[in-house]
Amino acid sequence: MSRVALEHITKRFDDVVAVDDLTLEAHDEELLVLLGPSGCGKSTALRIIAGLEAPSEGTVRIGDRDVTDAEAKDRDVAMVFQSYALYPHMTVARNVEFPLRARRVPPAERDERVAEAARALDITELLGRKPAQLSGGQRQRVALARAIVRRPQAFLMDEPLSNLDAKLRVQTRAELVDLQRRFQATVVYVTHDQVEAMTMGHRIAILDRGVLQQVDAPQAVYERPANLFVARFIGTPPMNTIEGRLTGGADHLVFEASGVTVALPAGLASATMSASPDRVVLGVRPEDLRLDPAGSLTAKIILIESLGHERHLVVRLDDGQTVIVRQPGDQTPPRDGEAVTLSANPDSLHLFDADTEQRISS
Amino acid sequence: MTADAAILPGPVTASTEVATRRRGGPSRRVRLLGRYLLLSVLAVIVLFPIYITVVNSLLRPAQIASQPPTFFPTHPIFSTYSDAWSSGHLGHYLFNSFVVTIIIVGGQVLTSILAGYAFAFLKFPFKRALFVLFLATLMIPFEVTVVQNLTTVVSLGIYNTYAGLAAPFLAWGLGVFLLRQAFLGIPRDLDDAAALDGYGNWRFLWRVAVPLARPSIAALTVFSFLTAWNQYLWPLLVTKDEHLSTVQIGLRQLRGTSLENVNITFAGVIIAVVPLVVLLVVFQKQLIRGLTAGAVKG
Amino acid sequence: MTADEETGARVTNRRSRRREVRLAYLLLVPALIIFAVFVFFPFIKNFQLAFYSTPPFPGLPNRYAGFSQITSVLGSSDFRNSLTVTVFFAVLTVPAGIFLGLLLAVLANQKLRGMAIYRTIFSSTIATSVAVASVVFGTLMSPQVGLLPWLGINPNPAILNNPTLALPAVAITTIWQNLGLSFILMSAGLQSVPEDILEAAKVDGAGTWTCFWRVTVPSLSPTIFFAAVVGSIFAFQTFGQIDLLTQGGPENKTNVLTYFIVTQLHVHQNPGYAAVLSIALFLITLVLTLLQLRFLERRVHYAR
């Protein structure tokens, strides 16, 4: 397997910039997830790697080779499509061996490799069927087998799980991770589902409107989101963001909004002083907020969503901003409409510059 | 194009109908009988010309002229068919019809596949303009160009040949349109997947696009066969001697023979119809798809 | 993403883009050659021919006649007669054909046992050709055959020699031959009548007749319109029936436009005259086609 690298890739469709100066590398044997909302340019980036779109600017490398001008078939990458893209008129066996036929692999070797791929994905007994006779999960496996059989430099996957039902998706997620490990494959995986990204990716690259926002390991992205977009995109329920201002001096910096007073810990305070933003946004994840009679945030419960093991309390601050609080299921729930006070875990506060939307780091 | 909507045998849910019928009273039963009666009368009227042709082909000429006419031949004469076959040269005409029809159908299907693929999958300058030009051919009926086409065929040296009979029909705008639509219905992902798997346009066309467009190709084939087989004006103009006559022109020569030969004329008509009946029985679905494609598409 | 961008999916560099363009033209060439030689060239040539009159004796060069030939042909009583006959023929065949096709389609669309048999019978004339229908009807209508007297029709003088009856006789032949096609078209149209609206109408208490006129016919109107336009275009191209049954006679009462063109060409050896008639035929077809396109456009706007 090989690394896959994009260097200063820009793609324009007429006046629309789909990908804007993207530099990104999937290391050898890495599962890199491209994550973002629909229309963020992640699929276009993947198609540029595949050779299905030509970049307007920039360089694509696979291994040590510059493949920017190479045709799709000469790039030695396999792609798994959201629709699986199985040929409906061919049996599973013919579908799987189709790429080998194109490359004029001798029949004996062809059969052997098809059998091997079928075993790896447990579809041996399906080889004689047509795609129409398969379930969604089975089709997905066939599509994977067709990718594996080629022994490519890298795998490209475009939302491969989004056509499966929720239960099957969780199961297949684990199988894909296992497969990636067994084949020591370099995988570039596109999804809009942040749970998929968090559970599967070695690293996650988050894109928004064609621009790369952050690349890092899932936990790092979760703990230290680079900007407001990432902060709000990663995590369910999403991170609470509260607009407000800073008061006090270097030794006692306080975030203030209507009914909210939060003292910033020393490290964050000094970082903030040196950045000296005009306006700030405070980020607190729902699990870092708790009901606390001595708390410094006053709010009113407007909705309680119970999931059994936990509760999501939707509360409204004095100035109308809403905030979600995650409460473990074994604690006493508040009443609807009750006025409450909250406190935030001071070690898990995130502060963003309201103008640049960038993280202020300690 | 929705294939299933175009297939004739409609929603017949016989079992539920039977159930409701049993519950109905006598007036309901009378009405039902009336419906069947009406349908049957209409069926008899539609079939009558063909039926009387079959009957008359089995009679002696005197019986055909007699009053009242014979509707159920008691002593059928089958020799009329062999007479029509030999004296009418029908075997030869059928052969000519088959040759010309197969050239036309083959040519039309091939040119439609090629051009339809270009319009559906490839990107090239003047694509829109060329497509409009292709569609514009549908606005010019063949009858409008027949005068000059005859001159063209003569100057190309293919007057009075199979090639001359077939040449003007080797491409057909509606065929191109039909297959372009069929190809556009193929998911783009398949094209992308094939490109990654190492299949160029040419191999993708024959290994994936054509097999997937098979229903439309079949519809075009049957429809094209029907129109080519039934052509009349062009074969009449472009052939000089009977040697190249098609069946339709052969019927022209069978017609107008004197009373002694009327039964043979009728037998000839039946012989000329049989190949199409066989074709239609086998390919009913495809034909109906082809015929209704235009109406559904508009 | 627009369709064009997606169809360009394979294109990754300049070299293969050139190859794609070359392949596209290569694929179009066979059809283009046929169209160029047998559609566009003769079509344009018609206009040239229309301006030149053919001398009465062969061998002499054609003479430029300008608009005089066009005006004289279009103003001639022969042309007016032919146009009248053709329009009359269309009026006789098209509405009746559609009505009968619709009638059979509606009757055969009932959910009764054995309908498949009736459907097969009603679509059966699709297997006949113009020549087959003409020979069958021509022979049955001839005075020697005993059918007409039995039906109470006097076969002498022959119907096809009767100036009043010849065209209707040809029309009946044509209607019968087209019945299968009309039936199939109307049946396909009936499949698209929304079942739930019909059921809603029944629940609202509408009878069979009201349902037919208020729901079925409006839903079928695109199909009926299509059949009317295409039927009219076909009617203006009628040739075989006339050639086999009446040869334009008696007294030119069945001399439809296409038959007129062919006789001008073949019998009178007058390509200039025939070219003017061809242009007239084209213009009629064009108007009919544009009418249909216009209607379809409107329909699309209403539907979306």
[X] side, atom [atom1]; [Y] side, atom [atom2] - distance, nearest 0.5 Å:
X: C/Leu277; Y: B/Glu143; atom1: CG; atom2: CD; result: 13.5 Å
X: C/Ile126; Y: B/Asn230; atom1: CD1; atom2: CG; result: 9.0 Å
X: C/Leu32; Y: B/Thr137; atom1: CG; atom2: OG1; result: 10.0 Å
X: C/Gln237; Y: B/Phe142; atom1: CD; atom2: CZ; result: 10.5 Å
X: C/Thr289; Y: B/Leu138; atom1: OG1; atom2: CG; result: 9.0 Å
X: C/Leu26; Y: B/Trp202; atom1: CG; atom2: CH2; result: 8.0 Å

Flag side-chain contact, heavy atom, 4.5 Å: [X] against [Y]:
X: B/Phe119; Y: C/Leu27; value: no
X: B/Pro125; Y: C/Tyr25; value: yes
X: B/Gln148; Y: C/Phe41; value: yes
X: C/Phe38; Y: B/Val153; value: yes
X: C/Leu286; Y: B/Ile140; value: no
X: C/Phe122; Y: B/Leu39; value: yes
X: B/Phe169; Y: C/Ile34; value: no

When [options] are compared by non-hydrogen pairs under 4.5 Å with chain C, the top option:
options: B/Leu38, B/Leu42, B/Val146, B/Val277; value: B/Leu42
options: B/Asn56, B/Leu133, B/Leu236, B/Val176; value: B/Leu133
options: B/Thr111, B/Val147, B/Asn149, B/Val269; value: B/Asn149

Between C/Leu112 and B/Leu32, does the side chain to side chain contact (heavy atoms under 4.5 Å, CB included) criterion hold? Intermediate values first, please. CA-CA 9 Å; C/Leu112 297 178; B/Leu32 194 70; 3.5 Å; yes

Please classify the contact of [X] with chain C as side chain, backbone, both or neither, using a heavy-atom distance under 4.5 Å.
X: B/Ser40; result: both
X: B/Phe131; result: neither
X: B/Ile52; result: side chain
X: B/Ile249; result: neither
X: B/Leu150; result: side chain
X: B/Phe183; result: neither
X: B/Leu130; result: side chain
X: B/Phe124; result: both
X: B/Trp229; result: neither

Toward chain B, the part of [X] with a non-hydrogen atom under 4.5 Å:
X: C/Leu104; result: side chain
X: C/Phe137; result: side chain
X: C/Leu281; result: both
X: C/Leu179; result: side chain
X: C/Thr128; result: both

Please evaluate residues C/Tyr118 and B/Tyr36 with respect to the criterion side chain to side chain contact (heavy atoms under 4.5 Å, CB included), reporting the C-alpha separation (whole Å), side-chain torsions for both, the decisive distance (0.1 Å), and the verdict. CA-CA 10 Å; C/Tyr118 290 107; B/Tyr36 276 110; 4.0 Å; yes

For chain B, find which of [options] contributes the most heavy-atom pairs closer than 4.5 angstrom.
options: C/Leu244, C/Val21, C/Thr285; answer: C/Leu244
options: C/Phe43, C/Phe236, C/Trp176; answer: C/Trp176
options: C/Val132, C/Val230, C/Val229; answer: C/Val132
options: C/Thr258, C/Ile261, C/Thr120, C/Asp243; answer: C/Asp243
options: C/Val39, C/Leu190, C/Leu28, C/Leu257; answer: C/Leu28

Is there a donor in the side chain of B/Gln248 and an acceptor in the side chain of C/Ser129, or the other way round, less than 3.5 Å apart?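 Looking only at side-chain atoms, C/Ser129 and B/Gln248 do form a donor-acceptor pair, the distance falling under 3.5 Å.
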
Locate the shortest heavy-atom distance separating [X] from [Y]; write the atom from each residue and the value.
X: B/Ala118; Y: C/Ala24; answer: CB-O, 3.9 Å
X: C/Ala127; Y: B/Leu276; answer: O-CD1, 3.4 Å
X: B/Leu251; Y: C/Val135; answer: O-CG2, 3.8 Å
X: B/Leu114; Y: C/Pro30; answer: CD1-CG, 4.2 Å
X: C/Gln110; Y: B/Arg35; answer: OE1-CD, 2.7 Å
X: C/Ile121; Y: B/Val46; answer: O-CG1, 3.8 Å

Crowding at CZ, C/Phe234 (>12 non-hydrogen neighbours, <6.0 Å): no

B/Phe126, CZ atom: more than 12 neighbouring heavy atoms under 6.0 Å: no

What's the verdict on side chain to side chain contact (heavy atoms under 4.5 Å, CB included) for C/Ser278 and B/Thr145, showing C-alpha distance, side-chain angles and the deciding distance? CA-CA 7 Å; C/Ser278 298; B/Thr145 56; over 6 Å; no

Test your reading of the model: is there a side-chain donor-acceptor pair from C/Asn46 to the backbone of B/Val144, 3.5 Å cut-off? yes

Just do the side chain to side chain contact (heavy atoms under 4.5 Å, CB included) check on B/Leu233 and C/Tyr259 with the steps written out, would you? CA-CA 10 Å; B/Leu233 173 60; C/Tyr259 192 80; over 6 Å; no

Check the orientation of C/Phe35 and B/Phe134. Use parallel for under 30°, tilted for 30 to 60°, and perpendicular for over 60°. perpendicular

